[in-house]
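Okay, structure first, notes after.
Computed from a predicted model, the values in this text were never measured in an experiment. Sequential numbering from 1 along the given sequence is applied to the chain's residues.
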Amino acid sequence: GIPDFLCCINGWFLAVETKSGRGKCTRLQELELEAIGKAGGLNLVVNEDNFDDLRDLVEKYACPQANKESGTAPARPVPGNVGHTKVSRS
């Protein structure tokens with residue numbers, strides 16, 4: 001159930017689950033990603049079709065200058081009220 005990659009980007013916890021082709025998360029993996037999101041972390045399921053989503057997410061949180069609206073990294077979400085959760089294209 002532990003995601004493939006556990007990262008910290010400017011103080012943000014990011015969990016990345018990688019899948020190939022049409023691979024899908026197991027129920028245990030889904031529960032783990034959901035728990036990370038509820039705790040205020042970011043999570044992403046990535047495959048060949050949505051790899052750009054990972055790049056965009058890293059740029060958003062690691063490169064505040066890339067955030068054209070405010071020039072800063074996004075504000076931290078309140079646990080249980082997460083602004084960004086799992087991105088998955090099945």
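- In this structure, CD1 in I36 is found 6.5 Å from CG in L6, a value given to the nearest 0.5 Å.
- The structure places CG of D4 at 11.5 Å from CG of L44, a figure rounded to the nearest 0.5 Å.
- A continuous path of ILVMFWY side-chain contacts below 4.5 Å connects F51 to L42, so both sit in one hydrophobic cluster.
- The environment of CZ in R22 is sparse: at most 12 heavy-atom neighbours from other residues, nucleotides or ligands sit within 6.0 Å.
- Contact check for E30 versus L33: no side-chain heavy atoms found under the 4.5 Å cut-off.
- The 12-atom threshold is not exceeded at CD1 of I2, counting heavy atoms of other residues, nucleotides or ligands nearer than 6.0 Å.
- Between V16 and L54, the shortest heavy-atom contact is CG2-CD1, 4.0 Å.
- Applying the side-chain contact (heavy atoms from CB on, under 4.5 Å) test between E17 and each of N43, N47, V45 identifies V45 as the sole match.
- With contacts defined as side-chain heavy-atom distances shorter than 4.5 Å, the pair F5/L14 does not qualify.
- Annotation for E48 and G21: closest pair OE1-N, 2.9 Å, computed over non-hydrogen atoms.
- Closest approach of P3 and E32 over heavy atoms only: CD-CG, 3.9 Å.
- Q29 approaches K24 most closely through the heavy-atom pair OE1-O, 4.3 Å.
- Scanning all heavy atoms of the two residues, the minimum distance from N10 to Y61 falls at ND2-O, 3.0 Å.
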